[in-house]
Structures are given as structure tokens and as C-alpha cells.
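Take a look at the structure set out below.
Being a predicted model, the structure only gives us computed values, none of them experimental.
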Amino acid sequence: MALNKYEIKKLDLPLEVINVIQTLKDKACPPSVGGRRGFEAYLIGGCVRDLLLNRKPKDWDVTTDATPEEIIALFKDTFYENNYGTVGIVNEESKDETLKVIEVTPYRLEAEYSDNRRPDHVTFSKNLEDDLQRRDFTINAIALDIKEIAKNKSVKGGPKFSGEYLDYYNGHEDLQAKIIRTVGEAHDRFTEDGLRILRAVRIATEIGFCIDKKTEKAIVTNASLLTNIAKERIRDEFTKIIMSDNPMAGLVLCRKMGLIPYIIPKIESTVSVEQSRSHIYDVFEHSLRSLQHTADKKYPLEIRLAALFHDIGKPPTRRRDKEQDIWTFYGHEVTGAKIVAEILADLRFPKKIIEKVTKLVRWHMFFADTEQISLSAVRRIISSVGRDNIWDLMNLRGADRMGMGRPKESPYRLRKYHSMVEEAMTDPVSVGMLEIDGAQVMKFTGEAPGPKIGYMLHALLEEMLENPALNTEEYLKKRAKELAKLDANDLKKLGDSGKETKEKEEEKKIEEIRKKHWVQ
Ligand code: ATP
Ligand code: MG
């Protein structure tokens with residue numbers, strides 16, 4: 001391969017990175033590991049790509065001809081990362097998250113891949129060229145050689161560095177043309193490691209590039225290789241697509257190339273699911289537009305996931321209302337909450353994220369009847385979704401509306417919601433906010449510790465949700481004494497009336513509606 005070299009002057013680089021490269025280049029290893037010195041060390045991969053695109057690198061990778069043992073011997077604080085020889089150099093005191101660990105990997109040779117995801121064995125090399133050849137895309141295979149470090153250390157406004165880009169695969173050309181292209185034969189590169197399929201889409205989405213025709217063709221042909229890839233790794237790439245500035249474009253690209261069945265198969269069922277009335281888009285497009293709005297607003301992952309999946313319960317709940325000549329989706333938020341919990345668990349998302357997204361999806365329909373909304377209804381929703389999630393739920397609603405292609409909520413209505421939520425937030429919406437606690441309940445009623453105390457507290461909360469003015473020690477004390485006379489089962493029912501019982505009633509209602517439409 002022809003080597004292209006490009007000089008670069010006045011490069012801004014973090015000192016932590018410079019320190020790693022300088023140490024590798026200058027410091028001698030102790031005799032116990034051979035005493036070698038003067039290693040080759042280059043910045044490589046996404047950080048070089050991002051420097052060339054004027055983006056802030058997400059992490060810093062260094063490639064070197066030193067062995068893992070030699071790397072470890074040169075640095076104070078290191079850890080051995082994985083089976084590929086990568087050594088993490090730790091900069092505990094760095095304030096920048098991206099610099100806390102800098103990864104140094106020995107040059108590697110491309111090896112056999114018999115399982116479409118991992119090389120059968122790892123072989124180190126003494127040649128940079130070998131290492132670049134095994135990398136996935138041309139824009140990720142440019143090495144940056146940092147030069148003249150020491151001389152420039154005291155320049156005004158922080159040190160500047162000069163360097164040289166080493167580019168064997170026309171990565172520069174592809175960067176300029178905004179193209180993702182594999183290093184070498186696309187088909188072979190994807191069969192070696194199926195994850196590269198998702199990396200291509202993810203990187204294209206993050207930096208707004210196109211995928212080269214041949215590379216795209218190989219992705220389409222090899223899409224099913226994603227079944228060999230660990231769910232956690234699929235989740236990580238999927239998350240990066242969702243957290244990018246253009247998740248809608250990313251998912252459209254995934255769909256175009258037939259990747260959805262291997263990432264989030266259930267989303268396929270929303271395609272072409274036509275809706276009625278104010279909905280001008282099918283469920284798929286509406287979901288993507290809602291998601292895009294959450295990205296435009298830079299919302300966190302949970303709200304973005306909730307926006308993408310908020311209507312995932314629509315395909316299985318869609319019924320035709322013949323009288324009104326419209327499509328209905330009764331109970332889609334209940335069904336959707338179950339489906340989204342399954343999808344996220346399948347992708348191995350952490351429990352906390354699954355719980356939050358599920359809650360948001362479950363309650364996203366709450367604000368539907370805006371005109372008749374009462375304060376006690378607002379209190380109930382806060383109690384159900386949780387005080388910590390209520391503003392996220394409001395933001396999800398905003399995204400839902402924007403995804404319908406409708407203008408924003410009228411400022412008047414929005415102000416009304418906000419003030420109602422704020423007002424309700426000062427009222428008791430959880431057991432912890434009652435002016436009485438379990439110990440006091442036991443003291444006033446003489447009850448022994450046990451589940452009955454919890455049921456009583458929940459029954460009291462139920463009353464407070466209707467009428468928060470009753471939240472005084474005096475009233476609660478009196479009421480606790482009355483409640484103590486009931487048996488545990490009746491108490492449990494009282495306490496559950498806002499939750500399980502209501503949910504069951506709701507589901508029963510939905511069933512009835514469904515039956516009605518089936519028989520029609
Ligand atoms: P990010 O901006 O997310 O860090 P990245 O391209 O740097 O993107 P990393 O996972 O940090 O991704 O990988 C660093 C480099 O290692 C890549 O740029 C690429 O050169 C190489 N690489 C990573 N994963 C693979 C892979 N599956 N196959 C081949 N090369 C890979
Ligand atoms: Mg990286």
C-alpha cells in the first residue's frame with residue numbers, strides 16, 4: 001500500500017496523552033523486561049479521526065511496538081485490559097473523563113476469525129503497517145506521529161505540537177469525501193467480525209458520513225452475522241446511535257440496510273402502522289421523529305429510549321372503530337411498557353434504565369385529556385411515575401407532540417401543566433412524605449411490626465392523594481387508629497387502590513373494549 005504523509009503544526013493535545021507517547025518513545029525499560037528503549041508510539045483510531053474533523057475525541061488510543069510487559073513496566077499505574085494486549089494507563093487525577101484511562105495496544109497482526117467476532121489468537125507485530133491493516137475503516141486507520149514535544153512545552157497559551165499523519169489507505173481522502181470504507185475487502189472484513197457492521201452505521205451516524213457502495217453491499221449481505229455478536233456490544237453501538245445528534249438518520253440507515261431485525265426487532269412491527277386523526281405519520285416514523293426531538297434537546301438516554309419506544313404497544317392494540325371510522329390503540333401504554341421492558345432486558349440494559357424507561361412509557365398517555373385534568377389526577381401521576389421522573393415525563397410528552405409534526409404545546413397550556421405539577425409536587429405523593437411514619441403508626445395503634453403497617457401507610461397515602469390537606473399528624477393518628485381495626489387484606493386493597501387494583505380495572509376495561517370491537 002502506498003503511504004501518504006501529511007505534516008501538521010500547532011496541534012493542541014492534552015498533556016496526559018503527550019506524557020504516554022513521550023514515555024514510550026524515550027524511557028528505557030528495566031532490565032527485568034529486556035531493557036529496551038525508544039519504542040514507536042502513534043495515536044490511532046477514533047481520536048485521530050476526530051482531531052482531523054475538529055471534534056473532541058471520546059477516548060485516546062495509542063499503538064506501539066512495545067509488548068504488554070514492556071508497556072506495564074514503563075508506567076506507574078496500569079491495568080491489563082483484555083485479551084488483545086491492551087494496557088490501560090491510568091490518570092486518576094485527570095479532570096477530563098476521556099483522559100482517565102489511555103489505552104495502549106501493541107501492534108497486532110490480522111489473525112484468523114472462525115466465529116465471526118473474535119480472532120482465534122492474537123499475534124503481536126513489530127510493524128505499524130500490519131497493525132493498520134487489521135483496523136476496520138480507512139478513516140480509523142490513520143496513525144499520528146507526534147514530534148517536537150519537549151521543545152514546545154512552554155509556548156504561550158499552552159504547549160503546541162507538530163506531527164505527521166501516516167495514511168496507508170487513503171483515509172484522508174475518505175474523510176474529505178465523508179465516506180466510511182473498509183480497509184481491504186469489505187466482505188472479508190465483516191465476516192471476520194460482524195460487529196464492524198454496526199460500527200460502520202454508528203460512526204456514519206455520529207459524524208454524518210455516507211457508507212461506501214461496496215461496503216454497504218457487504219453489510220447488507222452479511223447482516224445476519226450480527227446474531228453472533230454479544231448483546232452487550234450491540235447495546236453499546238445502539239446506545240451510541242441513540243445518543244448521537246442524528247439518531248433518526250441512524251435508524252433509517254439501519255432499516256435501509258436490513259439491520260433492525262438484529263438490533264431492535266420489535267420496532268419493525270411499527271412500520272406502516274397507520275394511525276388516525278391528528279397523526280399524519282405511521283407509528284415508525286412518529287417514533288423516530290419523537291426520538292429526534294429528544295436528541296435536538298440533548299435529553300439523556302432514558303428519555304430518548306422512551307421516545308423511541310413510547311408507542312411500541314400500538315401494533316398489538318390497534319383496532320378499527322367502525323362507527324367513528326378510525327384506528328384505536330386502547331391500552332397501548334400498558335402493553336407498550338411490558339414490551340419495552342422486554343426489549344431493553346434483551347439488550348442487557350441496566351435494571352435502573354429499564355425501570356425508568358418502562359415507567360415513562362407506561363404513563364406517557366396521562367396528559368391526554370388536558371381540559372379536564374384535576375390536581376388529584378396530577379398527584380396520582382406523580383405518585384405513579386415518581387417525583388424524580390415527572391419532569392422527564394413532561395419532556396417525553398413534548399417529544400411525542402413534536403413527533404406528530406404538530407407545533408409545540410401552546411404556551412398557555414404548557415404553563416398550566418407546569419404550575420399544576422409544581423403545585424402537586426409540594427403535596428404528599430409518596431409514603432415518605434406523610435406526616436406520620438411506620439414507628440408512629442405502631443405507637444398510636446399498638447400494632448406489632450409486620451406487613452400491615454405498610455398497608456396502612458399506603459391506605460393513608462391514597463386518602464392524601466385525593467385530599468392533601470388531611471396530611472396532618474392529628475388526622476393521620478386518628479385515621480390510623482380506625483384503619484387498624486380492618487384486617488390486613490382489606491387494608492391492602494385500600495392501599496393498592498391507586499396501583500394494582502386500578503391497573504387491573506384498566507386492563508379489564510381495555511379487554512372489554514377489545515371484545516366489543518372483535519364482535520363487531
Ligand atoms: P470512538 O469515537 O467511539 O472511540 P473509535 O473508532 O475510536 O470510536 P474504539 O472502540 O475506541 O472506536 O476503537 C479504536 C480503534 O480501534 C478504531 O478506530 C479502529 O481503528 C480499531 N477498532 C476498534 N474496533 C474494531 C473492530 N471491531 N475491528 C477492527 N478495528 C477495530
Ligand atoms: Mg476511540
Side-chain angles (χ1 to χ4, degrees), residues 12-30 32-34 36-51 55-111 117-119 121-126 128 130-132 134-136 140-146 149 161 163 193 195-196 199 202-203 206 229-230 232-233 235-237 239-240 243 348 350:
D12 267 318
L13 288 171
L15 282 177
E16 289 88 338
V17 171
I18 293 302
N19 177 45
V20 169
I21 290 181
Q22 199 165 24
T23 303
L24 282 161
K25 284 189 165 185
D26 297 347
K27 230 169 111 179
C29 276
S32 56
V33 289
R36 277 216 300 157
R37 70 178 300 155
F39 298 100
E40 293 177 12
Y42 299 91
L43 282 175
I44 184 69
C47 63
V48 178
R49 178 189 77 215
D50 289 338
L51 284 174
R55 293 170 65 97
K56 187 180 181 314
K58 273 190 281 173
D59 53 27
W60 298 85
D61 293 307
V62 173
T63 185
T64 178
D65 63 345
T67 63
E69 295 70 31
E70 287 170 328
I71 303 168
I72 290 167
L74 286 174
F75 296 92
K76 222 173 50 223
D77 196 356
T78 62
F79 65 96
Y80 208 47
E81 275 250 302
N82 52 32
N83 303 327
Y84 305 124
T86 303
V87 177
I89 313 291
V90 181
N91 299 292
E92 197 78 64
E93 64 295 343
S94 178
K95 284 186 190 73
D96 185 334
E97 274 304 314
T98 66
L99 293 164
K100 285 203 186 292
V101 175
I102 294 173
E103 296 194 339
V104 180
T105 309
Y107 296 157
R108 267 170 50 197
L109 272 172
E110 194 52 287
R117 60 180 161 154
R118 254 170 304 161
H121 52 88
V122 172
T123 321
F124 298 135
S125 159
K126 290 288 162 219
L128 172 68
D130 290 336
D131 186 78
L132 298 183
R134 65 131 185 124
R135 295 191 177 263
D136 48 8
N140 286 348
I142 304 171
L144 174 55
D145 187 11
I146 309 293
I149 298 170
F161 305 92
D193 178 1
L195 185 71
R196 290 173 187 158
R199 283 181 51 87
R202 182 265 287 184
I203 295 169
E206 283 181 330
I229 303 301
E232 288 80 357
R233 305 191 72 188
R235 172 201 63 209
D236 290 346
E237 299 300 324
T239 300
K240 286 181 181 170
M243 292 309 291
R348 315 284 191 272

Run the salt bridge (Lys or Arg N to Asp or Glu O under 4.0 Å) test on Asp193 and Arg134 for me, step by step, so that the C-alpha distance in whole Å, both residues' side-chain angles and the decisive distance to 0.1 Å come before the verdict.
CA-CA 11 Å; Asp193 178 1; Arg134 65 131 185 124; over 6 Å; no
Set out, in order, the CA-CA distance, both residues' side-chain angles and the distance that settles salt bridge (Lys or Arg N to Asp or Glu O under 4.0 Å) for Asp136 and Arg199, then state yes or no.
CA-CA 9 Å; Asp136 48 8; Arg199 283 181 51 87; 2.6 Å; yes
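With rounding to the nearest 0.5 angstrom, the CG atom of Leu144 is 11.5 Å from the CZ atom of Phe161. Within the model, atoms CZ of Phe75 and OG1 of Thr23 stand 4.5 Å from one another, a figure rounded to the nearest 0.5 Å. In this structure, Ile71 CD1 and Ile89 CD1 are separated by 7.0 Å, a value rounded to the nearest 0.5 Å. In this structure, CG in Asp50 is found 11.5 Å from CG in Leu43, a value given to the nearest 0.5 Å. In this structure, CG on Asn91 lies 10.0 Å from CG on Asp96, to the nearest 0.5 angstrom. In this structure, the separation between CD1 on Ile203 and CZ on Arg196 is 11.5 Å, given to the nearest 0.5 Å.
The salt bridge (Lys or Arg N to Asp or Glu O under 4.0 Å) check on Arg49 picks up nothing, with sequence neighbours excluded. Remark: Lys76 engages no residue in a salt bridge (Lys or Arg N to Asp or Glu O under 4.0 Å) (not counting sequence neighbours). Among residues two or more places apart in sequence or in another chain, the salt bridge (Lys or Arg N to Asp or Glu O under 4.0 Å) test is passed with Arg108 by none. When the side chain to side chain contact (heavy atoms under 4.5 Å, CB included) test is applied to Thr123, the partners found at least two apart in sequence or on another chain are Leu109, His121. Partners of Glu232 according to the salt bridge (Lys or Arg N to Asp or Glu O under 4.0 Å) rule, which considers only residues two or more places apart in sequence or in another chain, are Arg348.
Using a 4.5 Å heavy-atom threshold, the side chains of Leu24 and Tyr42 count as separate. Using a 4.5 Å cut-off on side-chain heavy atoms (C-beta onward), Asp145 and Lys25 make contact. Between Thr67 and Phe124, the closest side-chain pair of non-hydrogen atoms is not below 4.5 Å.
Residues Pro106 and Ala66 come closest through the heavy atom pair CB-O, 3.4 Å. Across Ile102 and Trp60, no two heavy atoms sit closer than the pair CG2-O, 3.7 Å. In terms of heavy atoms, Ile44 sits closest to Ile142 at CD1-O, 3.4 Å. Heavy atoms only, all atoms of each residue included: Tyr107 and Glu40 are closest at OH-OE1, 2.6 Å. Contact between Leu99 and Ser94 at its shortest, heavy atoms only, is CB-OG, 3.5 Å.
For Thr86 and Thr105, the side-chain atoms include at least one donor-acceptor pair closer than 3.5 Å.
Taking 4.0 Å as the cut-off between side-chain N and carboxylate O, Arg135 and Asp131 count as a salt-bridged pair.
Residue pairs meeting the salt bridge (charged side-chain N to carboxylate O under 4.0 Å, His left out) criterion with at least one partner in residues 58-74, sequence neighbours excluded, are Arg36-Glu70, Lys58-Glu206.
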